[in-house]
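Reading through the structure tokens given below for one structure.
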Amino acid sequence: QDDPVKIGMAAYGLNAEFMQLWSAAGEKHPAVQSGMVELTVFDGRYDALVQQDQFETMITQGYDAIVFAPMDVEAGATAVQLAVEAGIPVVGSNARVNSDQLTSYVGSDDVEAGYLEAKAVLDKMNCEGDVVIIEGPIGQSGEIQRGEGNEKALAECPDVEILERQTANWSRAEAQSLMENWLTSHGNDIRGVIAQNDEMALGAIEAIRAAGMDVDNFAIAGVDGVTDALNAVKEGRMDSILQDGEAQALGAIDVAIKAVRPDYEPMSDIWKQYPDMPWNGGADSEYNVPWTPVTAENVDALLAARQ
Amino acid sequence: MEQPLLEATGFRKSFGGVPALRDGRFVLHPGSVHALCGGNGAGKSTFLKILMGIHHRDAGTLLRDGKPMTFESPSQALANGISIIEQELSPVPAMTVAENIYLGREPVGLFGRVRFGDLNHMAQELLDGFHFGIRADSLMMDLTVAQVQLVEIAKALSYDAEIIIMDEPTSALGEAEADQLFAAIKTLTARGKGVIYVSHRLSEIFSICDSYTVFRDGAFVETGAMDTIDKDRLIHLVVGRPLTEEFVKENEPGGEEMLSVRNLSADHGVRDVNFAVRRGEILALYGLMGSGRTEIFDRLFGLSDTAGGEIVIEGTATRIDTPNQAIAAGLAYVTEDRKHSGLVLTGDVRDNLCLATLDRVSSGQLMRVGAERDAAQRMIETLNIKTASDKLSVSNLSGGNQQKVVLGKWFLTEPRILLLDEPTRGVDVGAKREIYRVMSDFTRAGGAVIMISSETDEVLGMADRAVVMRDGRVAGELQRAELSAERLLHLAA
Amino acid sequence: MTTRIGPLAQRYGILIALILLCVVLAAVNENFLSQRNIINVLRQTSINGILAIGMTFVILTRGIDLSVGSVVALVGVVSASFATTSTAGVIGSPYMPLIAVVMGLATGTAVGAVSGTMVARFSVPAFVATLGMLSAARGLTLIYSGGRPVPALTDGYRWIGTGDIAGIPVPIILFGLVFVLAHFVLTQTRFGRHVYAVGGNPHAAKVSGLPVRRIRFAVYAISGALAGVAGMILAGRTGSALPQAGVAYELDAIAAVVIGGTSLAGGIGRVSGTVIGALLIGVMNNGLDLMGVESYYQQVIKGGLIVAAVLLDRSRKSED
Amino acid sequence: MTTRIGPLAQRYGILIALILLCVVLAAVNENFLSQRNIINVLRQTSINGILAIGMTFVILTRGIDLSVGSVVALVGVVSASFATTSTAGVIGSPYMPLIAVVMGLATGTAVGAVSGTMVARFSVPAFVATLGMLSAARGLTLIYSGGRPVPALTDGYRWIGTGDIAGIPVPIILFGLVFVLAHFVLTQTRFGRHVYAVGGNPHAAKVSGLPVRRIRFAVYAISGALAGVAGMILAGRTGSALPQAGVAYELDAIAAVVIGGTSLAGGIGRVSGTVIGALLIGVMNNGLDLMGVESYYQQVIKGGLIVAAVLLDRSRKSED
Ligand SMILES: Nc1ncnc2c1ncn2[C@@H]1O[C@H](COP(=O)(O)OP(=O)(O)OP(=O)(O)O)[C@@H](O)[C@H]1O
Ligand SMILES: Nc1ncnc2c1ncn2[C@@H]1O[C@H](COP(=O)(O)OP(=O)(O)OP(=O)(O)O)[C@@H](O)[C@H]1O
Ligand SMILES: [Mg+2]
Ligand SMILES: [Mg+2]
């Protein structure tokens, strides 16, 4: 019948696992599988300007819609504006962009994640003892919002002191060195580690083990639910909050198709999976994919889904 | 007496605690060509570099036109009417001849735009005035060493300075070009300018200089008018002991051909070259600048892009496409441009001496440091290389001593056939004799030498036979009995 | 004379590689040669191109400037902070963009001058001096901006990145201007020739009385100033100045210079080559995206293409 | 002999800077000199140190190897894929870690050999060849791993990163071994002499009969192999091999080499200097973390310290 709908998926960068899962999910969308949608993934290479360049390319190539995981809150807005001016609807996904021109946003609330993970750490510590915070790259929306959530949880435990906070740029290796150095300067005073993503939490665990200390004596949490973290949760080393990147991608594609084909009904089953997030005719300005705390109970199922 | 142009007293300079110059003294009068003499490493270049503001002296006073001065940089020396032809040629390779000559003095127009037309014109006129036959718009990197030296001469003269320092300006030149320089010097002195002249070719000194100053071991020895001294005494002053004979020649050519070439062709238009060298023979390859002698050596040593012709070594036709094959065939090649192809300037004396014989001072991959040291020490003694230690960087050696290091490197390979391209370039009289001695001993022991030399004296003194090149072809051959300066020049020109 | 063939092929070898790439892309994708896409490629290339032109000056003197990416970010946040809609409201004048631009240029030049001083005056190896600056300027950017983007720039300022004159986007015009100016300076002026001399043979330059230190200093200042221009274009384009902008831009800039035939050993090269090198990188990025090549394979292909382009430029002299 | 003073100061200038930094840190923070922290610093330095030692070989020949960071990642995922608990189950043998290590070394060496071939055989400028490899090897890493970490490594393999022998962590032992070996090769073997000669004057080296191409080739293979060692240490340390590992490691490695006094122009330098350079960077990172300096300021201070250390070193050298 009609030509396939051409959708571009603009990822901020594909070298790390999370965005890889996000983009791979897009390829698995039923509409893509059926040939109704022609999907192309763009790798923003962690540079806001590169993403903007790719928007220009998509405009030139006459894409019908764009699913956008922006590198930067502010700079992303310009890209959105370019596309909207060219008549191409843009659906945000995974990370926020400071623009009112988005057709919709399908993502998860990072403030909540920050709150949940910090809460997990503090609960395990019974609100006693001191913590360190390993932050994402300063200025990125993830760092800002998860940091906000961290603060909110910490405010509930006024006796807990923050011994150190420093960025490890989402990197496991950097977090590991950082934690090794903190263990030297603070020794046994550190009781909890709030890492703003799983990679950094995993780095902290390795540092603790390398120092010959017992990981069980620390309360550690991260965010995202990457595979290594799921395994670590399974072994009881840390807590993680699963961010369902796949659902963010699938949902955003559904909304994007809807924007192009008004009579479209969503094809992905995430809408059944998350009853808290109703489709509402694809007209909502924001869809909030719920966080799933990873627990001993659900971890095996989650790991199985990864294979 | 008139005011000297320049008067230096008590110059001292040491490098890393080693004194290079202990007591430099020099007085230059207007209208004179004043020779600065001394053996390799006597401190001549160091002294001249201080005058030019390239080095800073540790002590001493300098009077320029009677006024005390210190030059912080060469630009100040230039501003005070001093220019220099440095011993080590120092071109900017990717720029044109004209740009090199007028570097820093380019004629500019609107918006600081260089007037290239004028620049080329000025440079061409300058070069033509000296009959140097070099195009002002060619790139420096396309020139031969000799041409580069001519450009540097033209450049130093173009400043119209009061004092012109010439540190071995003819070391890479043939006699014809050198004569052009001497003519230019005469015009300069006639206009009241002063020239400081350094050369290890004594004949030059006696023909153009009017006074001399001798340094030995970094200290002033004697000064005087040229007509008050003879060659033997000057040699005595320079070397520090009397030296009776200049050349050492005790070899006897045998009958067997060690190397012969048939219809050899090489880069830049060299072709149909035939000659042979016999066991025990010293063969001179004579020719004017650019006649293609170096190209033949490059071809013999596998460094040439062209590979026509046949090379027969000790009766076996031998294919040589790389230096490795040449070395394996028993050849050694002392190149004319020691900076470019001779020395690893970042290395020390020992590294450089052993570079081509590393397999002999190692067992498998493991270096035998003792053997390395001994080999280096042997050459330092044989060639009397003046160096604080064999671990001193070669870049810190005086020019003549650097040349000896290159020679030493190849002697250590114990070759059977030596290719020497201007082997005594920049070498002092004492050391020249050492080199001649080595050549003589080497051929006596059954080796063969092919030597390129632009010094007729050297050809006459050492060669058993001469092959004369002209425009890339063999122009003729002279037996020892037939050798004379006139005949050589006649065939070459 | 036969000797002239070498330089000629050397000049055009990489251009041939670029043209070849364009021909292939045009054959594979009908949009590649559309006016709109050509403008896209040029606009996308302009930032790296301008950085690479500044880098050419530095590399010609045997130096290197690793700090350009950080300077892009620093200049972005500093100049943008004078051109947000809020500050414009406060100081409120039509001259604000001008002040912002002046501040940006001044910042870039100042950072370059500091690197230049370290290299020229204190003989710190350029790699170390500018690596230090890479780190320091990034830190200053984060301190100045508090790690947050400087958002909501005024339209006057954004014009630098998004405006156009007679249909040609301002970044492209700036890129062209910088190229023409740099080409003129390097080939026609005394200063330009001295840059080559200092890189080709610093000793000869010194003995000829050139102000070697001042020239070394100047090229870093130029590189800094041009990084400033690039930084303002970037901020203008993205609509806000990002403190984490420009990371690793130095590699692309140096790549453009080297692909364009300029020797890291100094003294040899030209900005026209650099511009071709930058275009080659830009076309490659654009073309692969245009064809929708999968990202992982893109990286492999890009690596291969860069090498292939330079290989095609056969006439380069081998070193030994 | 007095002659030894110059070279002596030159050799130890940067060591003095390192010692000075340590003294200051020890005075400010009581933990700095604790055994545990010293082990931390050494372990943290080991990866960059090993990369930098390989880089020293390359830079001594006037080359550069920008690909080491990508090779770290590639070797990580390739070798680790032979040592996950699942594969170990399949092929199930105590030799698995050994096979993984062999595969890792082979991969690193092979990548280095490709770069080396491009540089030595096809005269591609080292910067371009290894920049291409930086991109290509990263792409291959992502393709091989599908962009996912290779997780759950066996304890045998992890021992490379986390184990110890007589209380000394394996990465430190490997770092020490590589240093001793490299120092031995460069100072005591014929190949080492060749490396210096090729870097000092490739043409003279060729005329002297050295196999210049083979030597050039070999140094890239060495750098690749050592990047392989570093990659396996990193994977062992972090517990799984991450495809995004090693980004920008080349800059730190080159920095260590240059800070350690090796000249980018080739022919001059030693691995002992490189190790001191790497330690200086490591101590700096560790010290600033220990003192809890805020990250923005850390970057500014790091930039300044790098330059200061080299300034201290250079100021001891004689005039130009
Ligand atoms: N930069 C330096 N560092 C250390 N030693 C040096 C340096 N320059 C020169 N020397 C030493 O100073 C001494 C004098 O050298 P100089 O070049 O002045 O000799 P010269 O008289 O010009 O000899 P030649 O006739 O061979 O050119 C030599 O022993 C040399 O090794
Ligand atoms: N790189 C080059 N490019 C172009 N021409 C060259 C080059 N090198 C040498 N020539 C030319 O080749 C010819 C032979 O040069 P060659 O160096 O062999 O002469 P030569 O007899 O050794 O003289 P010289 O005394 O200058 O060493 C000359 O005409 C020279 O100009
Ligand atoms: Mg001298
Ligand atoms: Mg010659």
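Chain A is the first sequence line, chain B the second, and so forth, proteins listed ahead of strands; every chain is numbered from 1. Since this is a predicted model, take the numbers as computed values, not measurements.
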Evaluate the criterion side chain to side chain contact (heavy atoms under 4.5 Å, CB included) for residue pair D289(C) and Q61(A); output intermediate values, then yes/no.
CA-CA 10 Å; D289(C) 272 348; Q61(A) 291 281 70; over 6 Å; no
Min side-chain heavy-atom separation D72(A)-P149(C) under 4.5 Å
yes
Could you check V247(C) against D47(A) for side chain to side chain contact (heavy atoms under 4.5 Å, CB included), going step by step and ending with a plain yes or no?
CA-CA 8 Å; V247(C) 170; D47(A) 185 330; over 6 Å; no
Q51(A) and T238(C): CA distance, side-chain angles, deciding distance, side chain to side chain contact (heavy atoms under 4.5 Å, CB included) verdict:
CA-CA 10 Å; Q51(A) 286 201 291; T238(C) 51; over 6 Å; no
Within the structure provided, determine whether D53(A) and R237(C) are in side-chain contact (heavy-atom separation under 4.5 Å).
yes
Would E74(A) and R148(C) pass as an ion pair if we require N to O under 4.0 Å?
no
Side chains of E56(A) and R43(C) in contact at under 4.5 Å (non-hydrogen atoms):
yes
Tell me, out of T40(A), L82(A), T57(A), who's got the most heavy-atom pairs with chain C below 4.5 Å.
T57(A)
Would D43(A) and Y296(C) count as a side chain to side chain donor-acceptor pair (under 3.5 Å) here? Give the steps.
CA-CA 9 Å; D43(A) 179 356; Y296(C) 299 170; over 6 Å; no
Can you check whether F32(C) reaches T60(A) side chain to side chain, under 4.5 Å on heavy atoms?
no
Check whether any side-chain heavy atom of L14(A) lies under 4.5 Å from a side-chain heavy atom of Q299(C), and answer yes or no.
no
Go through the steps for Q52(A) and Q44(C) under the test side chain to side chain contact (heavy atoms under 4.5 Å, CB included), then give the verdict.
CA-CA 9 Å; Q52(A) 192 172 322; Q44(C) 289 162 18; over 6 Å; no
